[in-house]
Amino acid sequence: DGKCFADSLQVQQQRVSAQITALQNSPHLLQLTEQLSSAAQHLLQTKLEALRLGKQALENNRRELLSRNESDALNFYSDFNYELLLGIANLQSLSSNVQQARAYADLAALLRIQELAVRERGLINGMLLKRQFDTDSYEQLLALITEQDQSIDLFRASAIAEHKQRLEAMLLDSKSQTLNNVREQLRQQDAITRQAHKFSSQLGYGGLLHEFKNFLLRGESRYQQGFYSKLESLEQILNKLSSNRVLSNTQQQAIAQIEDKLNEYRHKMQLIASMQSRGAKVKEIDSLVQISDDQMLNALKALTQPKPPVTPEVWWQLASERIRQMDAIADSISDDILNLSNAQRAQSLRLIALYLLSAAVTIGLLLFLGRALSHNLLRRIYAIANNMRLMTKDPNLDLDIKVEGKDELADMAKALGQMLNERQKSYQQLKQAAAVFDYSGEGIVITDANNRIELVNPAFSRITGYKLEEVKG
């Protein structure tokens with residue numbers, strides 16, 4: 001499989017190598033070198049050396065590619081695609097934006113469709129390269145096509161309308177229609193091949209030829225009946241094959257040859273029956289009814305070796321173009337996701353800016369309110385402290401302390417006012433007592449706890465003739 005591609009690649013590689021060698025050995029290079037300056041000659045030699053090293057690297061890369069297993073590339077693609085789908089699923093689960101999450105789901109679904117298309121491309125390419133139609137490969141292809149159709153239906157049911165339109169446009173273009181025609185022709189050829197295999201199974205042992213030989217040798221009617229029963233079944237298979245729309249000219253000729261051969265067997269069977277009824281010997285009959293099956297077997301083989309609906313090269317180009325179209329759709333979905341991410345980021349930045357502005361305004365208000373509150377608090381505390389200083393300087397001072405608010409400072413100002421009122425009352429009482437003490441007609445002596453004289457009034461001095469300094473203590 002793939003021999004035509006390998007041959008084309010080898011021819012291209014030989015052409016490239018020959019062109020590089022021709023350039024390196026060109027006599028014009030020598031003539032050019034002689035006409036150049038020393039600096040230009042050095043630059044040219046540097047370029048030629050780089051060309052020589054590049055040729056060696058190219059040959060090494062070719063050998064490395066040839067040594068690789070053919071399935072390595074597909075396995076790498078499948079593994080990479082699986083990891084990519086896991087990454088997309090994780091991003092989808094982390095996204096809080098519904099539209100973006102749907103876009104991630106669309107991208108994952110499209111990549112799954114693309115992976116199935118890649119596998120279909122390789123499988124059909126292998127089938128087209130084979131001379132014999134492979135029904136086992138077609139069963140694998142049918143499973144791929146079924147899974148691909150289911151994935152497309154799921155995409156149609158759940159994708160964003162714009163993404164759905166892009167996929168529908170791809171599915172309706174001429175290239176997709178050509179691919180569908182190739183699929184249909186392969187399906188028809190699978191039916192042809194299976195009918196041909198069914199025909200072969202009813203032809204050999206236990207089939208038409210078996211009944212024919214047994215009737216020739218034994219002459220029993222049950223073998224004759226079995227022959228005509230098998231012949232009818234084979235003619236039904238041929239009728240079904242003839243109705244197929246994708247039969248090539250070679251296959252149509254093969255069916256005609258098989259029909260001729262069946263008619264020949266029918267005629268020979270009638271001859272056997274006639275000769276047996278006349279009592280002819282088996283050896284005599286056998287010499288007259290011998291039939292070569294080679295032409296029929298070759299015709300059956302032709303039915304299972306169809307002409308490819310397209311060449312492998314054309315199929316590869318068509319399938320690759322479809323895969324590239326899916327790449328373009330995937331890129332557009334990725335751009336949509338990027339745009340949604342940018343819009344979400346811009347919105348987040350706007351919200352952050354709004355939050356920062358709100359925080360700045362809040363902090364400014366708090367600072368303003370704090371300053372106003374502290375100023376009011378300090379003003380009230382300063383007023384209380386100033387009233388207390390005035391009171392200490394002039395006990396006779398009559399102060400009216402204003403009470404503002406209902407907080408602790410208001411309680412303090414109220415208490416201070418009450419204390420000032422009590423002090424005024426006490427001061428008035430002391431003044432009255434001092435007036436009685438000074439202006440009383442009777443002598444008054446004030447002593448301490450030990451009866452030592454501390455103070456006498458003027459009346460005491462008049463009556464006794466002693467001054468305070470003489471009696472104190």
Looking at [atom1] of [X] and [atom2] of [Y], how far apart are the two atoms once the value is rounded to the nearest 0.5 Å?
| X | Y | atom1 | atom2 | result |
| --- | --- | --- | --- | --- |
| Leu303 | Asn298 | CG | CG | 11.0 Å |
| Arg102 | Asp106 | CZ | CG | 6.5 Å |
| Leu357 | Thr362 | CG | OG1 | 9.0 Å |
| Gln100 | Ile337 | CD | CD1 | 7.0 Å |
| Met269 | Leu231 | CE | CG | 9.0 Å |

- Query: Where is the tightest heavy-atom contact between His163 and Asp336, given as atom of each residue plus distance?
  - Reply: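 Heavy atoms only, the tightest pair is NE2-OD2, 2.8 Å.
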
- So which heavy atom on Lys164 is nearest to which on Ala159, and how close?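 Result for this residue pair: CE-O, 3.8 Å.
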
- Query: Asn263 pairs by side-chain hydrogen bond (donor to acceptor under 3.5 Å, both in side chains) with which of Glu259, His267, Arg266?
  - Reply: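 Going through the options one by one, the only one that passes is Arg266.
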
- Message: Among Gln251, Gln132, Lys130, exactly one meets side-chain hydrogen bond (donor to acceptor under 3.5 Å, both in side chains) together with Gln305. Which residue is that?
- Response: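 That would be Gln132; it is the only one of Gln251, Gln132, Lys130 passing the side-chain hydrogen bond (donor to acceptor under 3.5 Å, both in side chains) with Gln305.
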
Has [X] got more than 12 heavy atoms of other residues, nucleotides or ligands less than 6.0 Å from its [atom1]?
| X | atom1 | value |
| --- | --- | --- |
| Gln177 | CD | yes |
| His197 | NE2 | yes |
| Lys261 | NZ | yes |

With a 4.0 Å cut-off, would you call [X] and [Y] a salt bridge?
| X | Y | result |
| --- | --- | --- |
| Lys281 | Glu284 | no |
| Glu162 | Arg166 | yes |
| Glu220 | Arg222 | yes |
| Arg194 | Asp190 | yes |
| Arg156 | Glu168 | yes |

- Message: Checking Phe212 against Tyr265 for the ring-ring contact (aromatic ring centres under 6.0 Å, His included) test, could you report, in this order, the C-alpha distance in whole Å, the side-chain angles of both residues, the deciding distance, and whether it holds?
- Response: CA-CA 8 Å; Phe212 183 85; Tyr265 268 105; 5.2 Å; yes

